[in-house]
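Heads up: the structure comes next, in C-alpha coordinates.
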Number of protein chains: 2
Amino acid sequence: MTLTEENYLKALFHLSTENEEVSVLDLSKSLTIKMPTVNSMVKKLSGKGLISYEKYKPLMLTQSGRRAAGLIIRKHRLVEMFLVQHLGFGWDEVHEIAEQIEHIKSQRFFDRIDQLLDFPKVDPHGSPIPDINGDIAVQNYMKLEECAEKQIAMFMSVGSSQDSFLKLIDKLNLKLGDKVEILEIQDFDKTMRVLVNDASEKTLSQMVAANILVQLTV
Amino acid sequence: MTLTEENYLKALFHLSTENEEVSVLDLSKSLTIKMPTVNSMVKKLSGKGLISYEKYKPLMLTQSGRRAAGLIIRKHRLVEMFLVQHLGFGWDEVHEIAEQIEHIKSQRFFDRIDQLLDFPKVDPHGSPIPDINGDIAVQNYMKLEECAEKQIAMFMSVGSSQDSFLKLIDKLNLKLGDKVEILEIQDFDKTMRVLVNDASEKTLSQMVAANILVQLTV
DNA sequence: CTAAAAAGTTAGAATAGTCTAACAAAATTT
DNA sequence: AAATTTTGTTAGACTATTCTAACTTTTTAG
Ligand SMILES: [Mn+2]
Ligand SMILES: [Mn+2]
Ligand SMILES: [Mn+2]
Ligand SMILES: [Mn+2]
(Lines give C-alpha, C1' and ligand atoms only; values in the text may rest on other atoms or scores of the structure.)
(Ligands and ions follow the chains in the order given, each with its own letter.)
Protein backbone atom coordinates (compact mmCIF):
# COMPACT_ATOMS: atom_id res chain seq x y z
CA MET A 1 0.00 0.00 0.00
CA THR A 2 1.16 3.51 -0.76
CA LEU A 3 1.43 6.36 1.71
CA THR A 4 -1.51 8.02 0.01
CA GLU A 5 -3.74 4.98 0.24
CA GLU A 6 -2.82 4.57 3.89
CA ASN A 7 -3.83 8.13 4.63
CA TYR A 8 -7.21 7.65 2.94
CA LEU A 9 -7.93 4.52 4.95
CA LYS A 10 -6.93 6.16 8.18
CA ALA A 11 -9.09 9.19 7.52
CA LEU A 12 -12.07 7.01 6.67
CA PHE A 13 -11.52 5.00 9.82
CA HIS A 14 -11.51 8.11 12.00
CA LEU A 15 -14.58 9.53 10.32
CA SER A 16 -16.41 6.23 10.72
CA THR A 17 -15.74 6.35 14.43
CA GLU A 18 -17.16 9.84 14.74
CA ASN A 19 -20.23 9.52 12.49
CA GLU A 20 -22.31 6.54 11.52
CA GLU A 21 -22.32 7.53 7.87
CA VAL A 22 -19.34 8.90 5.98
CA SER A 23 -19.72 10.64 2.64
CA VAL A 24 -17.25 11.39 -0.10
CA LEU A 25 -17.54 15.02 0.92
CA ASP A 26 -16.61 14.19 4.52
CA LEU A 27 -13.53 12.36 3.40
CA SER A 28 -12.71 15.12 0.96
CA LYS A 29 -12.87 17.76 3.69
CA SER A 30 -10.96 15.68 6.17
CA LEU A 31 -8.10 15.09 3.74
CA THR A 32 -8.30 18.54 2.10
CA ILE A 33 -8.44 16.81 -1.24
CA LYS A 34 -11.06 17.64 -3.84
CA MET A 35 -14.07 15.37 -4.24
CA PRO A 36 -13.28 14.03 -7.71
CA THR A 37 -9.88 12.93 -6.49
CA VAL A 38 -11.38 11.24 -3.48
CA ASN A 39 -14.00 9.65 -5.66
CA SER A 40 -11.42 7.98 -7.86
CA MET A 41 -9.25 6.89 -4.95
CA VAL A 42 -12.29 5.38 -3.25
CA LYS A 43 -12.97 3.37 -6.38
CA LYS A 44 -9.40 2.21 -6.42
CA LEU A 45 -9.46 1.14 -2.78
CA SER A 46 -12.79 -0.53 -3.40
CA GLY A 47 -11.09 -2.48 -6.16
CA LYS A 48 -8.51 -3.61 -3.63
CA GLY A 49 -11.23 -4.78 -1.27
CA LEU A 50 -10.45 -2.20 1.40
CA ILE A 51 -13.52 0.01 1.02
CA SER A 52 -16.99 -1.14 0.12
CA TYR A 53 -18.40 1.38 -2.28
CA GLU A 54 -21.56 1.87 -4.26
CA LYS A 55 -22.31 5.01 -6.21
CA TYR A 56 -24.05 7.68 -4.13
CA LYS A 57 -23.95 5.50 -1.03
CA PRO A 58 -22.05 6.18 2.19
CA LEU A 59 -18.49 4.90 2.35
CA MET A 60 -17.52 1.97 4.52
CA LEU A 61 -14.33 0.17 5.30
CA THR A 62 -14.36 -3.56 4.70
CA GLN A 63 -13.09 -5.93 7.34
CA SER A 64 -9.66 -5.88 5.77
CA GLY A 65 -9.73 -2.11 5.27
CA ARG A 66 -10.53 -1.64 8.93
CA ARG A 67 -7.70 -3.89 9.91
CA ALA A 68 -5.27 -2.05 7.65
CA ALA A 69 -6.37 1.31 9.02
CA GLY A 70 -6.06 0.04 12.58
CA LEU A 71 -2.50 -1.05 11.94
CA ILE A 72 -1.52 2.35 10.59
CA ILE A 73 -3.13 4.08 13.55
CA ARG A 74 -1.21 1.68 15.77
CA LYS A 75 2.04 2.82 14.20
CA HIS A 76 1.02 6.46 14.43
CA ARG A 77 0.23 6.25 18.10
CA LEU A 78 3.26 4.18 19.02
CA VAL A 79 5.40 6.79 17.32
CA GLU A 80 3.67 9.65 19.14
CA MET A 81 4.27 7.88 22.42
CA PHE A 82 7.90 7.35 21.55
CA LEU A 83 8.39 10.98 20.56
CA VAL A 84 6.98 12.17 23.87
CA GLN A 85 8.62 9.63 26.12
CA HIS A 86 12.03 9.27 24.56
CA LEU A 87 12.66 12.39 22.53
CA GLY A 88 11.09 14.88 24.88
CA PHE A 89 8.51 16.30 22.50
CA GLY A 90 5.35 17.94 23.80
CA TRP A 91 2.04 16.20 23.05
CA ASP A 92 1.17 19.13 20.81
CA GLU A 93 4.23 18.59 18.60
CA VAL A 94 4.10 14.92 17.74
CA HIS A 95 1.21 14.51 15.33
CA GLU A 96 2.87 15.87 12.20
CA ILE A 97 5.96 13.75 12.66
CA ALA A 98 3.94 10.62 13.43
CA GLU A 99 1.90 11.34 10.31
CA GLN A 100 5.09 10.73 8.32
CA ILE A 101 6.78 7.98 10.32
CA GLU A 102 3.61 5.84 10.38
CA HIS A 103 4.36 5.00 6.73
CA ILE A 104 7.83 3.53 7.28
CA LYS A 105 7.97 0.04 5.83
CA SER A 106 9.44 -2.09 8.60
CA GLN A 107 7.40 -4.27 10.88
CA ARG A 108 10.43 -4.73 13.05
CA PHE A 109 10.96 -1.01 13.57
CA PHE A 110 7.54 -0.60 15.14
CA ASP A 111 7.88 -3.82 17.12
CA ARG A 112 11.05 -2.47 18.67
CA ILE A 113 9.45 0.84 19.52
CA ASP A 114 6.54 -1.01 21.08
CA GLN A 115 8.97 -3.01 23.17
CA LEU A 116 11.02 0.05 24.14
CA LEU A 117 7.83 1.71 25.38
CA ASP A 118 6.88 -1.46 27.24
CA PHE A 119 3.79 -2.12 25.12
CA PRO A 120 1.73 0.97 25.89
CA LYS A 121 -2.04 0.80 25.63
CA VAL A 122 -2.67 4.50 24.98
CA ASP A 123 -0.92 7.32 23.15
CA PRO A 124 0.08 10.67 24.68
CA HIS A 125 -3.45 12.01 24.14
CA GLY A 126 -5.05 9.08 25.91
CA SER A 127 -6.25 7.47 22.68
CA PRO A 128 -6.04 3.69 22.58
CA ILE A 129 -3.26 2.04 20.61
CA PRO A 130 -4.67 -0.72 18.38
CA ASP A 131 -3.26 -4.21 18.93
CA ILE A 132 -1.15 -6.17 16.43
CA ASN A 133 -4.34 -7.18 14.61
CA GLY A 134 -5.41 -3.59 14.17
CA ASP A 135 -8.19 -3.93 16.73
CA ILE A 136 -8.90 -0.88 18.84
CA ALA A 137 -10.28 -1.08 22.35
CA VAL A 138 -13.45 0.97 22.73
CA GLN A 139 -13.18 3.72 25.27
CA ASN A 140 -16.35 4.97 26.87
CA TYR A 141 -15.29 8.04 28.70
CA MET A 142 -17.57 10.91 29.61
CA LYS A 143 -16.99 14.49 28.71
CA LEU A 144 -16.20 16.42 31.85
CA GLU A 145 -18.85 18.84 30.57
CA GLU A 146 -21.50 16.17 31.20
CA CYS A 147 -20.54 15.54 34.80
CA ALA A 148 -22.43 17.02 37.73
CA GLU A 149 -21.30 19.06 40.70
CA LYS A 150 -19.56 17.08 43.44
CA GLN A 151 -18.60 14.29 41.10
CA ILE A 152 -15.00 13.11 41.09
CA ALA A 153 -13.37 11.92 37.93
CA MET A 154 -10.06 11.00 36.41
CA PHE A 155 -8.73 12.79 33.32
CA MET A 156 -8.26 9.96 30.79
CA SER A 157 -8.13 11.40 27.28
CA VAL A 158 -8.62 14.53 25.20
CA GLY A 159 -11.50 15.07 22.83
CA SER A 160 -9.48 17.33 20.57
CA SER A 161 -5.87 17.26 19.52
CA GLN A 162 -5.93 20.80 18.26
CA ASP A 163 -2.72 22.54 19.04
CA SER A 164 -4.29 25.42 20.88
CA PHE A 165 -6.34 23.10 23.08
CA LEU A 166 -3.37 20.95 24.03
CA LYS A 167 -1.28 24.00 24.81
CA LEU A 168 -4.06 25.36 26.98
CA ILE A 169 -4.26 22.12 28.95
CA ASP A 170 -0.50 22.34 29.43
CA LYS A 171 -0.79 25.90 30.64
CA LEU A 172 -3.48 24.82 33.11
CA ASN A 173 -1.01 22.22 34.31
CA LEU A 174 -3.46 19.43 33.70
CA LYS A 175 -2.16 15.99 32.84
CA LEU A 176 -3.69 12.66 31.94
CA GLY A 177 -4.39 10.71 35.11
CA ASP A 178 -5.18 13.79 37.17
CA LYS A 179 -8.03 13.60 39.68
CA VAL A 180 -10.67 16.22 38.99
CA GLU A 181 -13.38 17.11 41.49
CA ILE A 182 -16.20 19.32 40.29
CA LEU A 183 -16.75 22.03 42.85
CA GLU A 184 -19.22 24.22 41.06
CA ILE A 185 -20.89 24.67 37.69
CA GLN A 186 -22.05 28.15 36.72
CA ASP A 187 -25.62 27.99 35.62
CA PHE A 188 -25.21 30.86 33.21
CA ASP A 189 -22.34 29.65 31.00
CA LYS A 190 -21.61 26.13 32.36
CA THR A 191 -18.15 27.22 33.42
CA MET A 192 -16.72 24.73 35.90
CA ARG A 193 -14.66 25.30 38.97
CA VAL A 194 -12.71 22.13 39.70
CA LEU A 195 -10.19 20.86 42.21
CA VAL A 196 -7.25 19.05 40.64
CA ASN A 197 -5.42 16.34 42.58
CA ASP A 198 -6.87 17.65 45.83
CA ALA A 199 -4.51 20.54 45.47
CA SER A 200 -5.25 23.33 43.04
CA GLU A 201 -8.45 24.97 41.88
CA LYS A 202 -8.99 25.73 38.21
CA THR A 203 -11.76 27.32 36.23
CA LEU A 204 -12.67 25.62 32.96
CA SER A 205 -14.91 26.97 30.22
CA GLN A 206 -17.62 24.69 28.87
CA MET A 207 -15.68 24.39 25.65
CA VAL A 208 -12.66 23.13 27.51
CA ALA A 209 -14.72 20.79 29.70
CA ALA A 210 -16.28 19.36 26.56
CA ASN A 211 -12.90 18.18 25.39
CA ILE A 212 -11.71 16.71 28.63
CA LEU A 213 -12.66 13.05 28.71
CA VAL A 214 -12.93 11.47 32.11
CA GLN A 215 -13.78 8.30 33.95
CA LEU A 216 -15.96 8.73 36.99
CA THR A 217 -14.41 7.66 40.26
CA VAL A 218 -16.74 5.57 42.42
CA MET B 1 12.83 18.69 -2.01
CA THR B 2 11.18 15.38 -2.70
CA LEU B 3 12.29 11.99 -1.43
CA THR B 4 13.33 11.10 -4.95
CA GLU B 5 15.44 14.19 -5.44
CA GLU B 6 17.09 13.59 -2.09
CA ASN B 7 18.03 10.07 -3.08
CA TYR B 8 19.58 11.27 -6.33
CA LEU B 9 21.68 13.87 -4.54
CA LYS B 10 22.83 11.40 -1.94
CA ALA B 11 23.81 8.84 -4.56
CA LEU B 12 25.74 11.45 -6.53
CA PHE B 13 27.50 12.55 -3.37
CA HIS B 14 28.60 9.02 -2.54
CA LEU B 15 29.77 8.35 -6.10
CA SER B 16 31.71 11.62 -6.12
CA THR B 17 33.54 10.51 -3.01
CA GLU B 18 34.51 7.21 -4.58
CA ASN B 19 35.47 8.38 -8.07
CA GLU B 20 36.70 11.71 -9.34
CA GLU B 21 34.31 11.67 -12.28
CA VAL B 22 30.71 10.50 -12.13
CA SER B 23 28.73 9.69 -15.25
CA VAL B 24 25.03 9.42 -15.88
CA LEU B 25 25.60 5.69 -16.22
CA ASP B 26 27.24 5.49 -12.79
CA LEU B 27 24.31 7.24 -11.20
CA SER B 28 21.89 5.10 -13.16
CA LYS B 29 23.52 1.90 -11.91
CA SER B 30 23.82 3.10 -8.37
CA LEU B 31 20.12 3.99 -8.18
CA THR B 32 18.94 1.10 -10.36
CA ILE B 33 17.05 3.60 -12.46
CA LYS B 34 17.36 3.69 -16.23
CA MET B 35 19.59 6.29 -17.87
CA PRO B 36 16.90 8.38 -19.57
CA THR B 37 15.16 8.80 -16.24
CA VAL B 38 18.39 9.82 -14.58
CA ASN B 39 19.13 12.16 -17.44
CA SER B 40 15.91 14.05 -16.98
CA MET B 41 16.19 14.17 -13.21
CA VAL B 42 19.73 15.50 -13.51
CA LYS B 43 18.44 18.29 -15.72
CA LYS B 44 15.76 19.05 -13.18
CA LEU B 45 18.24 19.20 -10.30
CA SER B 46 20.53 21.28 -12.46
CA GLY B 47 17.63 23.68 -12.90
CA LYS B 48 17.37 23.88 -9.12
CA GLY B 49 21.05 24.69 -8.85
CA LEU B 50 21.93 21.47 -7.05
CA ILE B 51 23.86 19.73 -9.82
CA SER B 52 26.06 21.40 -12.40
CA TYR B 53 25.39 19.71 -15.67
CA GLU B 54 26.51 20.04 -19.26
CA LYS B 55 25.58 17.56 -21.95
CA TYR B 56 28.02 14.67 -22.21
CA LYS B 57 30.09 15.98 -19.32
CA PRO B 58 30.62 14.35 -15.93
CA LEU B 59 28.10 15.17 -13.23
CA MET B 60 28.99 17.35 -10.30
CA LEU B 61 27.19 18.59 -7.25
CA THR B 62 27.17 22.34 -6.79
CA GLN B 63 28.08 23.84 -3.45
CA SER B 64 24.45 23.86 -2.43
CA GLY B 65 23.85 20.35 -3.78
CA ARG B 66 26.76 19.07 -1.74
CA ARG B 67 25.41 20.72 1.34
CA ALA B 68 21.94 19.29 0.77
CA ALA B 69 23.38 15.80 0.23
CA GLY B 70 25.49 16.12 3.36
CA LEU B 71 22.45 16.99 5.42
CA ILE B 72 20.55 13.95 4.19
CA ILE B 73 23.52 11.70 4.91
CA ARG B 74 23.66 13.28 8.34
CA LYS B 75 20.06 12.26 8.97
CA HIS B 76 20.67 8.80 7.59
CA ARG B 77 23.64 8.16 9.83
CA LEU B 78 22.07 9.65 12.93
CA VAL B 79 19.12 7.35 12.40
CA GLU B 80 21.33 4.31 11.92
CA MET B 81 23.11 5.13 15.14
CA PHE B 82 19.81 5.53 16.94
CA LEU B 83 18.48 2.24 15.62
CA VAL B 84 21.55 0.39 16.86
CA GLN B 85 21.96 2.15 20.19
CA HIS B 86 18.37 2.57 21.29
CA LEU B 87 16.32 0.01 19.41
CA GLY B 88 18.81 -2.84 19.53
CA PHE B 89 19.14 -3.39 15.79
CA GLY B 90 22.27 -4.99 14.35
CA TRP B 91 24.46 -2.83 12.13
CA ASP B 92 23.47 -5.02 9.21
CA GLU B 93 19.76 -4.24 9.66
CA VAL B 94 19.64 -0.47 9.86
CA HIS B 95 20.36 0.80 6.37
CA GLU B 96 16.98 0.10 4.78
CA ILE B 97 15.09 1.75 7.62
CA ALA B 98 17.41 4.77 7.67
CA GLU B 99 16.95 5.04 3.93
CA GLN B 100 13.30 5.82 4.64
CA ILE B 101 13.51 7.83 7.85
CA GLU B 102 16.16 10.16 6.42
CA HIS B 103 13.35 11.80 4.41
CA ILE B 104 11.19 12.77 7.38
CA LYS B 105 10.45 16.50 7.28
CA SER B 106 11.28 17.73 10.78
CA GLN B 107 14.49 19.45 11.69
CA ARG B 108 13.61 19.07 15.33
CA PHE B 109 13.18 15.32 15.11
CA PHE B 110 16.76 14.83 13.99
CA ASP B 111 18.05 17.41 16.47
CA ARG B 112 16.47 15.43 19.28
CA ILE B 113 17.92 12.18 18.07
CA ASP B 114 21.33 13.84 17.82
CA GLN B 115 20.96 15.02 21.39
CA LEU B 116 19.72 11.64 22.64
CA LEU B 117 22.80 10.03 21.10
CA ASP B 118 25.01 12.72 22.66
CA PHE B 119 26.10 14.16 19.31
CA PRO B 120 27.87 11.16 17.82
CA LYS B 121 30.64 11.75 15.26
CA VAL B 122 30.37 8.41 13.47
CA ASP B 123 27.62 5.99 12.53
CA PRO B 124 27.51 2.28 13.46
CA HIS B 125 29.75 1.45 10.49
CA GLY B 126 32.37 3.99 11.50
CA SER B 127 31.40 6.44 8.76
CA PRO B 128 31.51 10.10 9.76
CA ILE B 129 28.27 11.93 10.50
CA PRO B 130 28.18 15.28 8.66
CA ASP B 131 27.75 18.36 10.83
CA ILE B 132 24.72 20.70 10.81
CA ASN B 133 26.12 22.39 7.72
CA GLY B 134 26.34 19.14 5.83
CA ASP B 135 30.14 19.10 6.01
CA ILE B 136 31.73 15.69 6.35
CA ALA B 137 35.04 15.12 8.09
CA VAL B 138 37.51 13.35 5.84
CA GLN B 139 38.68 10.04 7.19
CA ASN B 140 42.01 8.73 6.03
CA TYR B 141 42.07 5.22 7.31
CA MET B 142 44.13 2.42 5.80
CA LYS B 143 42.80 -0.87 4.63
CA LEU B 144 44.03 -3.59 6.95
CA GLU B 145 45.03 -5.35 3.74
CA GLU B 146 47.69 -2.70 3.18
CA CYS B 147 49.32 -3.08 6.58
CA ALA B 148 52.49 -5.03 7.15
CA GLU B 149 53.31 -7.85 9.53
CA LYS B 150 53.93 -6.77 13.12
CA GLN B 151 51.94 -3.57 12.71
CA ILE B 152 49.30 -2.79 15.28
CA ALA B 153 46.13 -0.99 14.29
CA MET B 154 42.69 -0.02 15.53
CA PHE B 155 39.55 -1.10 13.66
CA MET B 156 37.84 2.20 12.80
CA SER B 157 35.41 1.67 9.97
CA VAL B 158 34.18 -0.79 7.37
CA GLY B 159 34.84 -0.47 3.66
CA SER B 160 31.66 -2.28 2.73
CA SER B 161 28.22 -2.28 4.28
CA GLN B 162 27.15 -5.38 2.43
CA ASP B 163 25.02 -7.55 4.62
CA SER B 164 27.13 -10.64 4.25
CA PHE B 165 30.31 -8.75 5.14
CA LEU B 166 28.83 -7.16 8.25
CA LYS B 167 27.43 -10.50 9.39
CA LEU B 168 30.84 -12.11 8.89
CA ILE B 169 32.54 -9.44 11.00
CA ASP B 170 29.92 -10.11 13.68
CA LYS B 171 30.59 -13.82 13.51
CA LEU B 172 34.31 -13.15 13.87
CA ASN B 173 33.41 -11.16 16.96
CA LEU B 174 35.17 -8.11 15.64
CA LYS B 175 33.92 -4.67 16.69
CA LEU B 176 34.84 -1.09 15.88
CA GLY B 177 37.57 0.06 18.25
CA ASP B 178 39.20 -3.35 18.47
CA LYS B 179 42.99 -3.52 18.56
CA VAL B 180 44.34 -5.64 15.72
CA GLU B 181 47.91 -6.88 15.61
CA ILE B 182 49.13 -8.47 12.40
CA LEU B 183 50.91 -11.66 13.26
CA GLU B 184 51.47 -13.10 9.84
CA ILE B 185 50.58 -12.54 6.21
CA GLN B 186 50.54 -15.55 3.90
CA ASP B 187 52.60 -14.82 0.87
CA PHE B 188 50.49 -17.03 -1.35
CA ASP B 189 47.00 -15.56 -0.84
CA LYS B 190 47.61 -12.56 1.49
CA THR B 191 45.55 -14.20 4.18
CA MET B 192 46.25 -12.55 7.53
CA ARG B 193 46.58 -14.06 10.94
CA VAL B 194 45.82 -11.35 13.49
CA LEU B 195 45.61 -10.98 17.24
CA VAL B 196 42.53 -9.11 18.41
CA ASN B 197 42.59 -7.14 21.65
CA ASP B 198 45.64 -9.09 22.81
CA ALA B 199 43.34 -12.00 23.33
CA SER B 200 42.12 -14.02 20.39
CA GLU B 201 43.67 -15.03 17.11
CA LYS B 202 41.69 -14.80 13.87
CA THR B 203 42.43 -15.57 10.27
CA LEU B 204 41.19 -13.06 7.73
CA SER B 205 41.07 -13.47 3.97
CA GLN B 206 42.50 -10.69 1.84
CA MET B 207 39.00 -9.78 0.78
CA VAL B 208 37.95 -9.29 4.37
CA ALA B 209 41.15 -7.40 5.23
CA ALA B 210 40.49 -5.09 2.30
CA ASN B 211 37.24 -3.97 3.88
CA ILE B 212 38.52 -3.46 7.38
CA LEU B 213 39.63 0.15 7.72
CA VAL B 214 42.14 0.85 10.44
CA GLN B 215 44.24 3.51 12.01
CA LEU B 216 47.80 2.53 12.76
CA THR B 217 48.78 2.63 16.40
CA VAL B 218 52.13 4.31 17.01
C1' DC C 1 -44.21 18.57 -5.72
C1' DT C 2 -41.29 21.40 -8.06
C1' DA C 3 -37.02 24.32 -7.83
C1' DA C 4 -32.80 25.18 -5.90
C1' DA C 5 -28.89 23.56 -3.43
C1' DA C 6 -25.76 20.11 -2.14
C1' DA C 7 -23.30 16.10 -3.06
C1' DG C 8 -21.42 12.94 -6.26
C1' DT C 9 -19.62 11.63 -10.70
C1' DT C 10 -17.33 11.88 -15.23
C1' DA C 11 -14.13 13.79 -18.41
C1' DG C 12 -10.04 15.83 -19.40
C1' DA C 13 -5.70 17.80 -18.08
C1' DA C 14 -1.37 18.50 -15.14
C1' DT C 15 2.88 17.00 -12.54
C1' DA C 16 6.25 13.70 -10.78
C1' DG C 17 8.65 9.85 -11.70
C1' DT C 18 9.40 6.00 -14.35
C1' DC C 19 10.04 3.15 -18.71
C1' DT C 20 11.25 1.56 -23.85
C1' DA C 21 12.70 2.58 -28.43
C1' DA C 22 15.33 5.19 -31.37
C1' DC C 23 18.89 8.17 -32.35
C1' DA C 24 23.47 10.76 -31.43
C1' DA C 25 27.93 11.53 -29.50
C1' DA C 26 32.10 9.92 -27.49
C1' DA C 27 35.32 6.46 -26.58
C1' DT C 28 37.58 2.35 -27.89
C1' DT C 29 39.18 -1.10 -31.18
C1' DT C 30 40.74 -2.68 -34.99
C1' DA D 1 40.73 6.51 -39.89
C1' DA D 2 36.99 3.69 -39.94
C1' DA D 3 34.17 0.46 -37.44
C1' DT D 4 32.25 -0.85 -33.30
C1' DT D 5 30.97 -0.34 -28.65
C1' DT D 6 29.67 2.39 -24.96
C1' DT D 7 27.49 6.22 -23.16
C1' DG D 8 24.20 9.88 -23.43
C1' DT D 9 20.05 12.10 -25.18
C1' DT D 10 15.42 12.70 -27.12
C1' DA D 11 10.78 11.33 -27.88
C1' DG D 12 6.84 9.26 -26.51
C1' DA D 13 4.25 6.53 -23.36
C1' DC D 14 2.56 4.89 -18.66
C1' DT D 15 1.10 5.07 -13.59
C1' DA D 16 -0.05 7.60 -9.48
C1' DT D 17 -2.07 11.45 -7.62
C1' DT D 18 -4.00 15.61 -8.07
C1' DC D 19 -6.91 19.38 -10.19
C1' DT D 20 -10.94 22.11 -12.78
C1' DA D 21 -15.06 22.17 -15.43
C1' DA D 22 -19.18 20.17 -16.60
C1' DC D 23 -22.83 17.19 -15.74
C1' DT D 24 -25.97 14.14 -12.81
C1' DT D 25 -28.19 12.49 -8.82
C1' DT D 26 -29.93 13.18 -4.37
C1' DT D 27 -31.49 16.10 -0.82
C1' DT D 28 -33.70 20.06 0.94
C1' DA D 29 -36.79 24.14 0.82
C1' DG D 30 -40.54 26.53 -0.40
MN1 LIG E 1 -1.83 12.02 16.05
MN1 LIG F 1 0.30 9.86 7.30
MN1 LIG G 1 23.37 3.30 5.56
MN1 LIG H 1 16.41 7.36 1.05
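The sequence lines fix the lettering, A, B, ..., with proteins before strands; numbering per chain opens at 1.
- Here the side chain of B/Lys34 is nearest to one of D/dG8, C/dC19, C/dA7, namely C/dC19.
- B/His14 and B/Glu18 share no side-chain donor-acceptor pair at under 3.5 Å.
- Base engagement by A/Ser40 is indicated by at least one non-hydrogen atom pair under 4.0 Å involving a base atom.
- Judged by the 6.0 Å and 45° rule, B/Arg74 forms no cation-pi pair with B/Phe110.
- Of the listed nucleotides (C/dG17, C/dT10, D/dT17), C/dT10 has the atom at the smallest distance from the side chain of A/Pro36.
- At a threshold of 4.0 angstrom between heavy atoms, the contacts of B/Lys29 with the nucleic acid are absent.
- Comparing C/dT20, C/dG8, D/dC19 by their nearest atom to the side chain of A/Tyr56 picks out C/dG8.
- The side chain of A/Met35 sits closest to C/dA7 out of D/dT17, C/dA7, D/dA21.
- B/Lys48 places its NZ atom 14 Å from the P atom of C/dT15, with the value rounded to the nearest Å.
- One atom, CG of B/Leu31, and another, P of C/dA16, lie 19 Å apart when rounded to the nearest Å.
- When heavy atoms are screened at a 4.0 angstrom cut-off, B/Lys57 is found touching no nucleic acid atom at all.
- Tested against A/Gln206, the residues A/Lys143, A/Glu145, A/Lys190 include a single side chain to side chain donor-acceptor pair (under 3.5 Å) partner, A/Glu145.
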Report task. Start with the C-alpha gap between A/Tyr53 and A/Tyr8, add the side-chain angles, then the distance that decides, and say whether ring pair (Phe, Tyr, Trp, His ring centres under 6.0 Å) holds. Result -> CA-CA 14 Å; A/Tyr53 167 71; A/Tyr8 273 83; over 10 Å; no

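- Across all strands shown, B/Thr37 has heavy atoms under 4.0 Å from base atoms, whether or not it also approaches the sugar-phosphate.
- If you take CD1 of B/Ile33 and P of C/dT18, they are 4 Å apart, rounded to a whole angstrom.
- The shortest distance between the side-chain N/O atoms of A/Tyr53 and the OP1/OP2 oxygens of C/dT9 is below 4.0 Å.
- Regarding contacts with the backbone of C/dT10, a side-chain N or O of A/Lys43 is found under 4.0 angstrom from either OP1 or OP2.
- Distance from the side chain of A/Leu25 is smallest for C/dA7 among the nucleotides D/dT7, D/dC19, C/dA7.
- Summarising the geometry, the separation between CG on B/Leu3 and C1' on C/dA16 is reported as 12 Å, rounded to the nearest angstrom.
- The side chain of B/Ser23 contributes no N or O atom lying less than 4.0 Å from OP1 or OP2 of D/dT7.
- Here CG of A/Leu83 is found 5.5 Å from CD1 of A/Ile101. Values are rounded to the nearest 0.5 Å.
- Atom CG of B/Asn39 and atom C1' of D/dA11 are 12 Å apart (whole Å).
- A/Leu59 places its CG atom 12 Å from the C1' atom of C/dA7, with the value rounded to the nearest Å.
- Side-chain atoms of A/His103 and A/Asn7 form a donor-acceptor pair, as typed in the model, at a separation below 3.5 Å.
- For the pair B/Glu54 CD and C/dA26 C1', the interatomic distance rounds to 15 Å; values are reported in whole Å.
- Rounded to an integer number of Å, the gap from A/Met1 CE to D/dT15 P is 21 Å.
- Comparing C/dT10, D/dC19, D/dT10 by their nearest atom to the side chain of B/Lys55 picks out D/dT10.
- Each of D/dT18, C/dG17, C/dT9 was ranked by its minimum atom distance to the side chain of B/Thr2; first place goes to C/dG17.
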